[in-house]
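Accompanying notes for the structure given below.
Just so it is clear: chains get the letters A, B, ... in the order the sequence lines come, proteins before strands, and each one is counted from 1.
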Amino acid sequence: MADSERGYDPSAIETRWQRAWEDEDVFRTPDDAEDVSYVLGMFPYTSGSLHMGHVRNYTITDAFARYKRMQGEDVLHPMGWDSFGLPAENAAEERDTNPREWTLSCIETMREQMDAMGFGYDWDREVVTCDPEYYRWNQWLFKQFHEEGLVERKASEVNWCPSCETVLADEQVEGDEELCWRCDTPVTQRNLDQWFFTITDYADELVDALDDLEGWPDSVRAMQRDWIGRQHGAVVPFEVEGYGEVEIFTTRLDTIHGATFFALAPDSDIARDIAEEDEAVAHFIDEEADPDGDEPNGVATGLTATNPATGEEIPVFVADFVLSDVGTGALMAVPAHDERDHAFATKKDVPIEPVVKPEDGEVPDVQEEAYTEDGVLINSGEYDGLDSAEARSRLEEDLPGARHDTQYQLRDWGVSRQRYWGTPIPVIHCEECGPVLVPDEDLPVELPEFVQTTGNPLEEVEEFVEAECPDCGRPARRETDTMDTFVDSSWYFLRYISPDFEDAPFDTERANDWMPVDQYVGGIEHAVMHLLYSRFVTKAVADMDLLDHREPFERLVTQGMVLLEGEKMSKSKGNVVSPQNIVEEYGADTARLFIMQAARPEREFNWTDEGVKSSHQFLDHLYDAVETFVADPPTGDGGAVTEYVDREVDYLAAVAEQSYEEMTFTAALREAQEILSLLDRYGRYTDPDPGTVRRALETVVKVLAPVAPHVTEELWRELGHDDFVVEAEWPAFEGDLETLERERTLIEETREDVRQIVEVADIGDPAEVVIAVAPEWKHEAHELAREFDGDNLVGEIMGREQFREYDGAPDYAKDLQAERQSLKEQLPPEQEADVLSRARWLIAEEFDADVTVLRGEEANGELTGKAEPGRPAIRIEE
RNA sequence: GCGAGGGUGGCUGAGCUAGGCCAAAGGCGGCGGGCUUAAGACCCGCUCCCGUAGGGGUUCCUGGGUUCGAAUCCCAGCCCUCGCACCA
């Protein structure tokens, strides 16, 4: 690359502009701003340094935020730190420091990296979740949720490492052996009392409201729908011998007459009870049951249950495919109409009886394979002949004890974590009073100093644990669990709105004005957890009258993965591109430009060396173009070419606006490049008009400013402005995108035609190209044909005085008749001639020939005979 | 298995939600030319087949269909990616 006279030196200008923006508070959003555009990237976990995924994420939001700012909107574009979590504890141990210091140093580093990338954030609104001033509001919300009945304490199974004496997250349990990730000790299950947020109270709204989230990708909505997993069905009691009524849940009540056995979960109370008496059942439960296996296994209990629809006694099994936390933990099995039941029945030799047949078909052979579709009932007594849906509702009414029921896959949100580096749960356990909430005036409950220990560090700190019951004053023990870090991130977007607010997590009035987030951008990996929790908290907070909005994020973009030369980047493979290196080598602008132009945000993005270089070259090129213009401006007027260039600049602005607006970006950047090369040709062809070149350059600079902010700032100054381009107005343009596109198409097609003719006719050296626009009457006939909806178009045209005088009229009418269905709107003849006149130079330049554009009435009959609207006649003289 | 999204010219990748401006953008690669002592960089053009005046033929996974007309809509199938998964 070398530091030739070409191009610019990013390291010399980038930090300078970063400082200038900061000095002028360019990105500050005043608290009294109204109706802000809220643009947000998912805040990063404080892992130590930014990776390319972050850089891509924040380049997208930064570009969009800067674009909105140029559109004259007040923009809120904040940043913060998801800074609680287990990795900090591990890092602290490895480095012999403590999580707080480690985390704060990570923040330092990452903030510097963000600054180096030129991201424009309102740092006055920075939010740090591990700061007591932040997490006190987690505690406050916990209490409010408690008051609203959204908090429960219940026993729950957790992964426990007996050696580390700690609870493990699912992802810390490794392999089929289920070993602790740190010490390889087999993990056991432990039943602990845990705190839950009852997100299931909002299950219906969370799933129903997805339909209206039109600014979200379908994939994310589908994932949330699946995750919530709402199922409508019925609960029906079955009489089980010796145990009374046992309820089952089914979505296929219409098949109940075909229920030929009954099955219980191995860990259900009844199964355990039966196991006390029955050796075989006990053996199955303890040794054989394998809920994760592919095969359905089970054991007969010897008991029977009564099918309430038929009165028949059916065998009761304990089976491992029955899960105690799904439905009621017991089910009626209909092997004829359920694949899993079918497999089990075949294995255990239980009868398979069809009770549903296709609406217009034979009774299916269910011995071989289950028929799982809805249909019409058979073998179902008085319900025969009903369709499945009808049968379900009738049976629901008729069967004793049956009732409609809705089941969800969504579970309540367990927020207890037996770890140090999180928000202390604001509870004190009193022997007399039970768990008591810490009074507001004692918030925040702050984390004590970190101590190295195998178990939960909080339990080791006497001063922390020892407390006084807020209710009765007796000695009590403080809760040592901390909150899931997803709690922190489920409302941080609200804290940005009023980061220093003292009375509540956020200022309701301002939040009502500023929320929801207009554009949220982040990784697909948060499709369910983070985005679902945030929606839940928003709704809960709305129901507490703290907010008028029920959805946090209006539009969501999930960005695609970053690849390196086609491969997933990973530290273990060693194929990682580090943001620092890129900034050092090419500058932030180049990296940003490359990221934005190489792929649309939601697609995978492939980092290639060639791509970066080509982006870098382009910026150099632009820099040189501006330098040259300023140092030695042209003095001509450029004639018709100037009008052509002007029009292309209009097109650039129009297309860029659309491209930014729909967040694709690529079209904007491509057009900017094309204008630049157009300017080169303009200069080579003629002595350009300085005003036109200036406008073109300024438009390119503005269009690129959101993506490559530093160099455009530099060039803006170079072009004689003393304000910031970041605060400049989006370029104005004349006309509308559709017309501009039509004009370009006309030019492009005409040029293409000339090329073809030259080639096909083997014209070595064209001397003159004559282009003749179709005469007025053809345009009129064309327009008439487009609007005419009768049968006889030819008759219609020839019947009119205005056309009859022209010799070519009958033929042209026939042509129109032939293609009347595909006739498109055309530019009026005058405009067509103007457009082509402006483009004359392109052809002249390309073929080194004289080019004439004739209006219809100027051309002779021979030539105009061939011309059509949108398709001028062309004659080439050698 | 279920759900979502895809399969486009040598590669990559737009367009396909509003069917005709689509033989199908851009980039890369390749070819030819310009510039240059030369190379690189840069610039111009070409890059499915045929054609001595803008034409014709065959293409957008495969096979059907709707339509005057389909890469674009519908149906079936094959393949790929990603989620969920013995969920009653």
Using the side-chain heavy atoms of A:Arg875, tell me which of these nucleotides is nearest: B:rG54, B:rA53, B:rC87. B:rA53
Do the non-hydrogen side-chain atoms of A:Pro308 and A:Phe238 ever get within less than 4.5 Å of each other? yes
Measure from CG on A:Asp405 to P on B:rA88 and round the result to the nearest Å. 13 Å
Let me spell it out: for each of A:Glu339 and A:Val326, pick the nucleotide of RNA chain B with the closest heavy atom. Which residue's pick is nearer the 5' end? A:Glu339
Rounded to whole Å, how long is the line connecting atom CD of A:Glu671 with atom P of B:rG26? 10 Å
Under the rule for side-chain hydrogen bond (donor to acceptor under 3.5 Å, both in side chains), what residues qualify as partners of A:Asp212, not counting sequence neighbours? none
Test: A:Arg875 and A:Glu768 ion pair at under 4.0 Å: no
Strictly by Watson-Crick or wobble contacts shorter than 3.5 Å, is anything paired with B:rU52, and which nucleotide is it? none
Across every strand shown, the nucleotide meeting Watson-Crick or G-U wobble geometry with B:rU72 (both distances under 3.5 Å) is none
Just to verify, what does A:Asp208 make a side-chain hydrogen bond (donor to acceptor under 3.5 Å, both in side chains) with, not counting sequence neighbours? A:Arg230
For atom C1', what is the distance between B:rU67 and B:rC74, given to the nearest Å? 12 Å
Using the P atom in both, what is the distance from B:rG20 to B:rC87, to the nearest Å? 44 Å
Under 4.0 Å, counting only non-hydrogen atoms across every strand here, what does A:Gln673 touch: a base, just sugar-phosphate, or nothing? nothing
By side-chain contact (heavy atoms from CB on, under 4.5 Å) - contacts of A:Pro335 (at least two apart): A:Thr260, A:Phe261, A:Asp341, A:Ala345, A:Ile352
In whole angstrom, give the distance that lies between atom CD1 of A:Ile675 and atom P of B:rG26. 15 Å
Using the test side-chain hydrogen bond (donor to acceptor under 3.5 Å, both in side chains), find all partners of A:Tyr644 that sit at least two apart in sequence or belong to another chain. none
Contact class for A:Ile876 (heavy atom, under 4.0 Å): base, sugar-phosphate, or nothing? base
Identified pairing partner of B:rC46, criterion: Watson-Crick or G-U wobble below 3.5 Å: B:rG30
Separation between the C1' atoms of B:rC60 and B:rC22, rounded to whole Å: 10 Å
If I pick the C1' atom on B:rU62 and the same atom on B:rC79, what distance separates them, to the nearest angstrom? 11 Å
Check side-chain hydrogen bond (donor to acceptor under 3.5 Å, both in side chains) between A:His782 and all other residues, then give those that pass, not counting sequence neighbours. none
Using nucleotides 27-30 of chain B, report all nitrogen or oxygen pairs with the protein that are shorter than 3.5 Å.
none

Can you name the residues that form a ring-ring contact (aromatic ring centres under 6.0 Å, His included) with A:His337, not counting sequence neighbours? none
Set of side-chain contact (heavy atoms from CB on, under 4.5 Å) partners for A:Glu369, sequence neighbours left out: none
Nearest whole angstrom, please: distance from the P of B:rG5 to the CG of A:Asp218. 6 Å
Watson-Crick or G-U wobble mate for B:rU81, both contacts under 3.5 Å: B:rA4
With sugar-phosphate meaning primed atoms plus P, OP1 and OP2, does A:Asn297 contact a base, only sugar-phosphate, or nothing at under 4.0 Å between heavy atoms? nothing
Integer-rounded Å distance: B:rG5 C1' and A:Met223 CE: 12 Å
Describe the nucleic acid contact of A:Gly229 in one word from base, sugar-phosphate, nothing, applying a heavy-atom distance below 4.0 Å. nothing
Is it the case that the ring center of A:Tyr586 lies less than 6.0 angstrom away from the ring center of A:Phe594? no
Would you tell me if any nitrogen or oxygen in the side chain of A:Gln617 comes within less than 4.0 Å of OP1 or OP2 on B:rA41? no
Rounding to an integer number of Å, can you tell me how far A:Gln597 CD sits from B:rA25 C1'? 15 Å
How far, in whole Å, is B:rG33 from B:rA71 if one measures between their P atoms? 37 Å
What nucleotide among B:rG26, B:rG3, B:rC87 has an atom nearest to a side-chain atom of A:Leu323? B:rC87
A:Val220 near the nucleic acid: base, sugar-phosphate alone, or nothing, with a heavy-atom cut-off under 4.0 Å? nothing
So if I take every side-chain heavy atom of A:His621 and compare against B:rG26, B:rA88, B:rC43, which nucleotide ends up nearest? B:rC43
Measure OH/A:Tyr651 against P/B:rG26 and give the value in whole Å, please. 12 Å
Is there a side-chain polar atom (N or O) of A:Arg340 under 4.0 Å from OP1 or OP2 of B:rG1? no
Base-pairing mate for B:rC21 - Watson-Crick or G-U, with both contacts under 3.5 Å: none
Per-nucleotide protein contact along nucleotides 11-18 of chain B, 5' to 3', at a 4.0 Å heavy-atom cut-off (B base, S sugar-phosphate only, - neither), is ---SS---
Would a line drawn from the ring center of A:Phe262 to the ring center of A:Phe317 be shorter than 6.0 Å? no
Sticking with atom C1', work out how far B:rG26 lies from B:rC61, rounded to a whole angstrom. 24 Å
Give the nucleotide from the list B:rA53, B:rC84, B:rC86 with an atom nearest to the side chain of A:Gln409. B:rC84
Position toward the 5' end of RNA chain B (nearest nucleotide), A:Asp341 or A:Ser219: A:Ser219
Checking side-chain contact (heavy atoms from CB on, under 4.5 Å) for the pair A:Trp841/A:Thr686: CA distance, chi angles, key distance, verdict? CA-CA 9 Å; A:Trp841 70 287; A:Thr686 182; over 6 Å; no
Taking atom C1' in both B:rC16 and B:rA88, compute the distance separating them and give it to the nearest angstrom. 40 Å
Whole angstrom value for the distance that separates P of B:rC86 from CG of A:Asp338: 13 Å
Expressed as a whole number of Å, how far does the C1' atom of B:rU59 sit from that of B:rA24? 10 Å
